[in-house]
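Bear in mind that the values here come from a model prediction, so they are computed numbers and not experimental data.
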Amino acid sequence: MALHVPRAPGFASMMKDGARFFSGLEEAVIRNIGACKEFAETVQTCYGPNGMNKMVINHLEKLFVTNDAATIIRELEVEHPAAKLMILGSQMQENEVGDATNFVIIFAGALLRASEELLRMGLKPTEVAEGYELALEKALEILQTLSCYEVKNTRDEESVMKAVRTAVMSKQYGNEDFLAKLITKACISILPDKETQFNVDNVRVCKIIGGGLFSSSVVQGMVFRRQAEGTVTKKENCKVAIYTCPVDALQTETKGTVLIKTAEELTNFSRGEETQLENQIKAIADTGAEVVVAGGKFGDMALHYINKYNMMAVRLMSKWDVRRLARATGATALPRMTAPTAEEMGRADNVYVDELGDTEVVVFKVGDKESRVSTIVIRGATDNYMDDIERAVDDGVNVFKGLCKDGRLTAGGGATEIELARQVAQWAETHPGLEQYSINKFAEALEIVPRVLAENSGVKPKEVISKLYAAHSEGKTNMGFDIDGESGEIKDCCESNVLDLLLAKQWALKYSTNAAATILRVDQIIMAKRAGGPKPRDTSGGMDQDDD
């Protein structure tokens with residue numbers, strides 16, 4: 001008879017074997033706070049222009065060297081449920097604004113670190129969370145008054161550059177002016193009449209190895225790392241026909257057997273196929289199309305006729321690229337090989353094959369007014385370096401999108417945070433009840449921004465924060481930490497053009513406080529036993545280019 005093993009009484013006895021259960025303040029809340037603090041400390045060293053890089057190797061053995069929090073958290077597979085909540089907040093920020101993702105995690109971590117002291121003092125987690133939410137409302141109210149500059153016209157390069165420059169500076173310190181100029185130029189050139197309809201996807205990035213960063217440029221239209229299929233490599237002021245299907249002899253729908261009795265019939269049969277294909281290509285050529293773009297392969301025979309009618313053939317591997325090119329040239333992508341009508345054809349000023357470094361590219365240049373897509377061609381020595389620049393460009397373009405919605409900017413360098421902290425702390429004193437403690441801690445947590453900027457620059461943070469408070473109490477609300485100065489100096493961030501999007505700050509404060517409050521309101525963690533199953537297949541081997 002099998003020996004009966006008694007199970008421990010309580011909640012665990014109801015669960016399957018292998019389930020884990022944590023409850024109460026010590027086990028669940030403090031444990032969650034500990035995990036989130038660890039995670040926030042990991043990414044806070046990446047914050048600001050002097051932030052360090054992280055080297056992340058993901059499950060596919062791909063190497064990332066970056067200080068972009070959004071990339072780090074996307075590639076790290078975090079298991080802890082509470083840390084995942086912080087990551088969700090950060091990802092929401094990435095989707096909403098596209099910038100200040102690191103701020104969300106750092107600030108949520110600071111709020112939780114402050115809450116730990118309050119919990120040990122005997123406050124209830126719900127009281128702390130309520131206090132944080134009250135403080136958030138007040139902080140957002142104050143934030144609206146702290147705008148120090150507004151971009152009135154998003155087509156004015158100089159004022160847009162001020163905003164984009166700071167976002168790029170935190171990723172590529174030293175090259176911010178050059179990159180901000182490129183990004184501003186690319187964004188303004190494709191800005192639709194209704195500014196709020198600006199689409200981030202319309203600014204493409206093409207990375208070509210070789211040269212240096214300062215060889216990078218902006219192209220109106222699209223750039224593809226492909227070669228032309230046929231012999232024609234240049235066309236000017238031409239019409240473009242775009243197909244999503246292969247350009248080849250059509251296969252018949254049904255299978256059939258053909259009985260050929262004489263040699264003459266055989267030659268006629270193969271000639272018939274050729275004539276049919278030639279007629280199709282001729283029909284395309286007769287419409288005036290000079291460039292044929294296909295999402296599938298070009299057959300040898302079809303290529304022969306395309307060359308015969310002096311057309312240029314370009315094959316694109318990605319269906320997304322086909323759609324973007326259709327958008328850039330104003331063409332309609334056709335699913336079958338039929339002659340396009342005048343409306344279905346796009347036009348381009350220039351289509352040519354160029355060689356940058358040792359990479360051949362096909363460039364579709366479309367006039368400034370018509371193009372709805374622009375490409376930033378990035379040059380650099382290594383792939384990792386260009387990836388990092390691409391992230392900086394991505395942040396810059398997202399800031400531009402934010403400007404189209406709301407052009408207000410606040411002082412950067414921790415100036416806004418210190419002013420918020422000062423005013424929230426003053427307000428806390430007028431507040432009766434236990435929430436006063438957590439409102440004070442919220443104000444203290446806001447100091448994390450100048451503190452991290454100072455720590456990452458190798459300066460004593462306490463000195464910087466006391467200098468900032470002294471300046472702010474005199475009414476100099478734009479004083480922030482001076483990254484370039486020696487030993488913890490402060491400067492007027494608005495004058496020195498260190499500006500942040502007010503929109504980004506607003507959403508970041510919301511998401512980080514919500515994440516912290518949600519984590520504090522958890523009092524039990526119940527983890528079911530993992531489902532058994534086959535191990536995921538090993539994908540560390542060589543993979544095709546198109547699989548990523």
Side-chain angles (χ1 to χ4, degrees), residues 44 47-50 100 102-104 106-107 110-111 113-114 131-132 134-150 162-163 166 169-170 408-431 436-510 512-513:
Q44 78 181 28
Y47 192 67
N50 290 336
N102 206 337
F103 177 82
V104 173
I106 291 173
F107 186 54
L111 286 175
R113 188 179 293 116
Y132 280 171
L134 284 170
L136 171 68
E137 273 176 43
K138 184 67 181 169
L140 291 177
E141 198 181 297
I142 300 165
L143 184 65
Q144 302 303 321
T145 64
L146 295 183
S147 164
C148 69
Y149 183 80
E150 188 168 358
K162 281 185 179 179
T166 315
M169 199 171 174
S170 66
R408 288 175 300 166
L409 299 169
T410 60
T416 311
E417 284 78 9
I418 285 287
E419 186 56 28
L420 283 175
R422 194 178 68 82
Q423 293 196 33
V424 168
Q426 279 175 0
W427 178 70
E429 285 165 20
T430 65
H431 206 285
Q436 182 181 342
Y437 290 108
S438 45
I439 294 170
N440 262 324
K441 287 291 182 192
F442 184 93
E444 230 174 84
L446 279 163
E447 294 171 9
I448 191 81
V449 174
R451 172 175 284 122
V452 169
L453 285 173
E455 277 174 5
N456 289 350
S457 306
V459 177
K460 286 181 183 155
K462 289 223 171 96
E463 285 176 22
V464 175
I465 290 171
S466 58
K467 277 184 194 171
L468 285 174
Y469 270 128
H472 281 250
S473 56
E474 288 167 17
K476 300 176 187 167
T477 53
N478 295 336
M479 294 302 269
F481 174 59
D482 184 5
I483 292 274
D484 307 317
E486 293 295 315
S487 65
E489 288 162 21
I490 60 174
K491 63 176 177 183
D492 188 316
C493 289
C494 204
E495 278 174 21
S496 54
N497 287 342
V498 178
L499 301 162
D500 285 336
L501 263 185
L502 188 124
L503 201 67
K505 284 259 188 289
Q506 182 183 322
W507 284 106
L509 285 167
K510 275 187 193 171
S512 46
T513 311

Would you say the side chain of [Y] lies within less than 4.5 Å of the side chain of [X], judging by non-hydrogen atoms?
X: L140; Y: Q506; result: yes
X: V464; Y: L453; result: no
X: Q144; Y: L502; result: yes
X: L134; Y: W427; result: yes
X: E455; Y: Q44; result: yes
X: E417; Y: F103; result: yes

* Asked: Does the side chain of S457 pick up a donor-acceptor pair with the side chain of N50 at under 3.5 Å?
  -> yes

* To do: State whether a side-chain donor-acceptor pair under 3.5 Å links Q436 with H431.
  => no

Shortest non-hydrogen contact from [X] toward [Y]:
X: G412; Y: C493; answer: O-SG, 3.3 Å
X: K491; Y: V498; answer: NZ-CG2, 3.9 Å
X: I439; Y: G131; answer: CG1-O, 3.5 Å
X: F481; Y: E489; answer: CD1-O, 3.8 Å
X: K505; Y: T416; answer: CE-CB, 4.0 Å
X: L136; Y: T513; answer: CD1-OG1, 3.6 Å

* Is it true that F107 and F442 have ring centroids separated by less than 6.0 Å? -> yes

* Okay, side chain of T410, backbone of L146: is any donor-acceptor separation there less than 3.5 Å? -> no

